[in-house]
Amino acid sequence: MADMDNKDQAELDPADLEDVEDVEEEETGEDVNSKARQLTVQMMQNPQILAALQERLDGLVGSPSGYMESLPKVVKRRVNALKNLQVKCAHIEAKFYEEVHELERKYAALYQPLFDKRSDIVKAAYEPTEEECEWKADEEEELTEEMKEKAKVEEEKKDEEKEDPKGIPEFWLTVFKNVDLLSDMLQEHDEPILKHLQDIKVKFSDPGQPMSFSLEFYFEPNEFFTNTLLTKTYKMRSEPDENDPFSFDGPEIMGCTGCTIDWTKGKNITLKTIKKKQKHKGRGTVRTVTKTVPNDSFFNFFTPPDVPESGDLDEDSEAVLAADFEIGHFIRERIVLRAVLYFTGEAIEDDDDDYDEEGEEADDEEGEEEGEEENDPDYDPKKDANPPAECKQQ
């Protein structure tokens, strides 16, 4: 029997043996690919590996590819000519933003009468007419005449039970509390003061003066400080940096200055008093020392860190100034222009809708990736040993 087997093997066509070897190699290749795919999945779910990859990728951003070095000298000369054109484009762009600033100043004057009337209504200096108070509701919010009459009666009953409020109480405080960027700055001890805030205005630099804008906070007389106006001025620059002209991306805030708050004695909420016990090294006696230290408060907004002429700042100061610039820009661009919508929450809903759309896009992308895996003939869910982190049971 063994002889017959040997004979059969001897009679096998060499081509058949090659086919067998090829099949075995293919099967071995599939196993290798499967293991490699499984290993890749495991690696991509390891936070340390992902962090290392991200750090490596970040290091590659902006690094030369070597392509420019490989170009002929005559082509490099032409590329240099294009760079010189790009610098001229940057200077034209800077002029464009200067004219935009002029337009902002022009239209700020057109907005101001409306903002002044808004302020008068908020602080009860002006009572709007019935016509001015008419507001056409959205279709889904429209009520029948019977429901309107019932609602009117209920409102009148509530008004009789309560004292007649003046203007719109706590208007700006409510705006601040409704906006995450601003509410994060608020402390409980800030709120009684911000109830006295009557208006916020934006003032642009005069023609021919360096580009800047000021935020003006108007307060009614109160027990906390004697100021009726607190200001914050942001200095801007709209010109390319001579050493790095290609980094120009519109006006940048170069620094800001606040103002001195004349606090009533004992009412300065930006400072707090703490008591610390100190032990004498030699005698061992203990004494209590009182110290005044900075306290978290929205009103620290009016005392930003000084920017030295060299522009060099430590990390903490840079972080504070970056956040300060973001807040100042947001108040100027959004809060002052759309205050009533932040008071009602409608502007916040619009912002949330924007974020939801981005989230839906992300979900769609994830769905596409899952679909690609399902359509992949080589994908085997059983071999996907590590499920996504969010699916693991705690």
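Source: prediction; values computed, not measured.
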Checklist entry - Is there a side-chain contact between K123 and K166, using heavy atoms and a 4.5 Å cut-off? => result no
Checklist entry - Just wondering, are more than 12 heavy atoms of other shown residues or ligands nearer than 6.0 Å to NZ in K76? => result yes
Checklist entry - For the residue pair F115 and Y111, does the interplanar ring angle fall in the parallel (under 30°), tilted (30 to 60°) or perpendicular (over 60°) class? => result parallel
Next on the checklist: Please check this pair: side chain of T233 against backbone of T257, looking for a donor-acceptor N/O pair closer than 3.5 Å.
Outcome noted: no
Item to check | Derivation of the ring pair (Phe, Tyr, Trp, His ring centres under 6.0 Å) call for F219 and F224 | outcome: CA-CA 11 Å; F219 288 83; F224 300 96; 9.7 Å; no
Checklist entry - Honestly curious: do L114 and Y126 fall in one hydrophobic cluster under the side-chain, below-4.5 Å linking rule? => result no
Checklist entry - V320, F299: one ILVMFWY side-chain cluster at the under-4.5 Å cut-off? => result no
Next on the checklist: Less than 4.5 Å apart, side chain to side chain, heavy atoms only: is that true for E216 and K203?
Outcome noted: yes
Next on the checklist: Between E223 and K267, does any NZ, NE, NH1 or NH2 come within less than 4.0 Å of an OD or OE carboxylate oxygen?
Outcome noted: yes
Item to check | Worked verdict on L182 versus I335 for side chain to side chain contact (heavy atoms under 4.5 Å, CB included) | outcome: CA-CA 10 Å; L182 301 178; I335 298 298; 4.1 Å; yes
Checklist entry - Pick from L181, I331, L321: which one makes a side chain to side chain contact (heavy atoms under 4.5 Å, CB included) with E326? => result L181
Checklist entry - Would you say the side-chain atoms of K232 pair up with the backbone N or O of F301, donor to acceptor, closer than 3.5 Å? => result yes
Checklist entry - Say you draw a straight line from CD1 of I121 to CG of D116; how long is it, rounded to the nearest 0.5 Å? => result 11.5 Å
Item to check | Heavy-atom donor-acceptor pair, N268 side chain to W263 backbone, under 3.5 Å | outcome: no
Checklist entry - Which heavy atom of Y234 sits nearest a heavy atom of G328, and at what distance? => result OH-CA, 3.4 Å
Next on the checklist: Taking the side chain as everything from C-beta on, heavy atoms only, tell me whether H189 gets closer than 4.5 Å to S297.
Outcome noted: yes
Checklist entry - Does the T292 side chain pair with the main chain of T273, one donor and one acceptor, at a distance under 3.5 Å? => result no
Checklist entry - With the 4.5 Å side-chain cut-off for hydrophobic clustering, are F248 and F246 part of the same group? => result no
Checklist entry - Are F302 and F217 close enough that their ring centres sit under 6.0 Å apart? => result yes
Checklist entry - So which of T270, D324, N295 actually passes side chain to side chain contact (heavy atoms under 4.5 Å, CB included) with N300? => result T270
Item to check | Geometric cation-pi criterion, K201 with Y218: 6.0 Å, 45° | outcome: yes
Checklist outcome for this item: When rounded to the nearest 0.5 Å, the distance separating CD1 of I261 from SG of C259 is 5.5 Å
Checklist entry - Can you check whether T290 reaches I274 side chain to side chain, under 4.5 Å on heavy atoms? => result no
Next on the checklist: Return the OG to CD distance between S205 and E104, rounded to the nearest 0.5 Å.
Outcome noted: 10.0 Å
Item to check | Counterpart residues, side-chain hydrogen bond (donor to acceptor under 3.5 Å, both in side chains), relative to R287 (two or more places apart) | outcome: Q278
Checklist entry - So, E131 versus T129: side-chain donor-acceptor pair below 3.5 Å or not? => result no
Checklist entry - Does a side-chain heavy-atom distance below 4.5 Å link K177 with L186? => result yes
Item to check | Pair F176 and F298, ring centroids less than 6.0 Å apart | outcome: yes
Checklist entry - Between F171 and F343, what is the ring plane arrangement, given parallel below 30°, perpendicular above 60°, and tilted in between? => result parallel
Checklist entry - Could you go step by step and tell me if S212 and M236 meet the side chain to side chain contact (heavy atoms under 4.5 Å, CB included) rule? => result CA-CA 5 Å; S212 69; M236 300 187 295; 5.8 Å; no
Next on the checklist: Parallel, tilted or perpendicular: which one describes the rings of H101 and F204, with boundaries at 30° and 60°?
Outcome noted: perpendicular
Checklist entry - Could you state the interatomic distance from OG1 (T344) to CZ (R338), rounded to the nearest 0.5 Å? => result 9.5 Å
Checklist entry - Are any side-chain N or O atoms of N222 and backbone N or O atoms of E220, one a donor and one an acceptor, separated by less than 3.5 Å? => result yes
Checklist entry - Taking atom CD of Q112 and atom OG of S119, what is their separation to the nearest 0.5 Å? => result 9.0 Å
Checklist entry - Mind checking whether M68 and L85 sit in one hydrophobic cluster, side chains of I, L, V, M, F, W, Y counted as touching below 4.5 Å? => result no
Next on the checklist: I want to check a possible cation-pi pair here: R332 against F213, using under 6.0 Å from ring centre and within 45° of the ring axis as the test.
Outcome noted: yes
Checklist entry - How many angstroms lie between atom CZ of R105 and atom CD of Q209, to the nearest 0.5 angstrom? => result 9.0 Å
Next on the checklist: One pair to check against side chain to side chain contact (heavy atoms under 4.5 Å, CB included): W172 and Y342. What are the steps and the verdict?
Outcome noted: CA-CA 9 Å; W172 290 102; Y342 284 100; over 6 Å; no
Checklist entry - Which atom names give the shortest non-hydrogen contact between A90 and P245, and what distance separates them? => result CB-O, 4.1 Å
Next on the checklist: Checking L215 against V202 for the side chain to side chain contact (heavy atoms under 4.5 Å, CB included) test, could you report, in this order, the C-alpha distance in whole Å, the side-chain angles of both residues, the deciding distance, and whether it holds?
Outcome noted: CA-CA 5 Å; L215 300 176; V202 179; 3.9 Å; yes
Checklist entry - Nearest heavy-atom pair of T288 and K275: which atoms, and what distance? => result CG2-CB, 4.0 Å
Item to check | SB check K117 E132 (cutoff 4.0 Å) | outcome: yes
Item to check | Cluster check M185, I200: I/L/V/M/F/W/Y, side chain < 4.5 angstrom | outcome: yes
Checklist entry - Less than 4.5 Å apart, any side-chain heavy atom of K195 and any of P169? => result no
Next on the checklist: Measuring only between side-chain heavy atoms, which start at C-beta, is C256 closer than 4.5 Å to K235?
Outcome noted: no
Checklist entry - Which pair of non-hydrogen atoms, one from P192 and one from H196, has the smallest distance, and what is that distance? => result O-CD2, 3.2 Å
Item to check | Student check: side-chain heavy atoms of F225 and L230 closer than 4.5 Å | outcome: yes
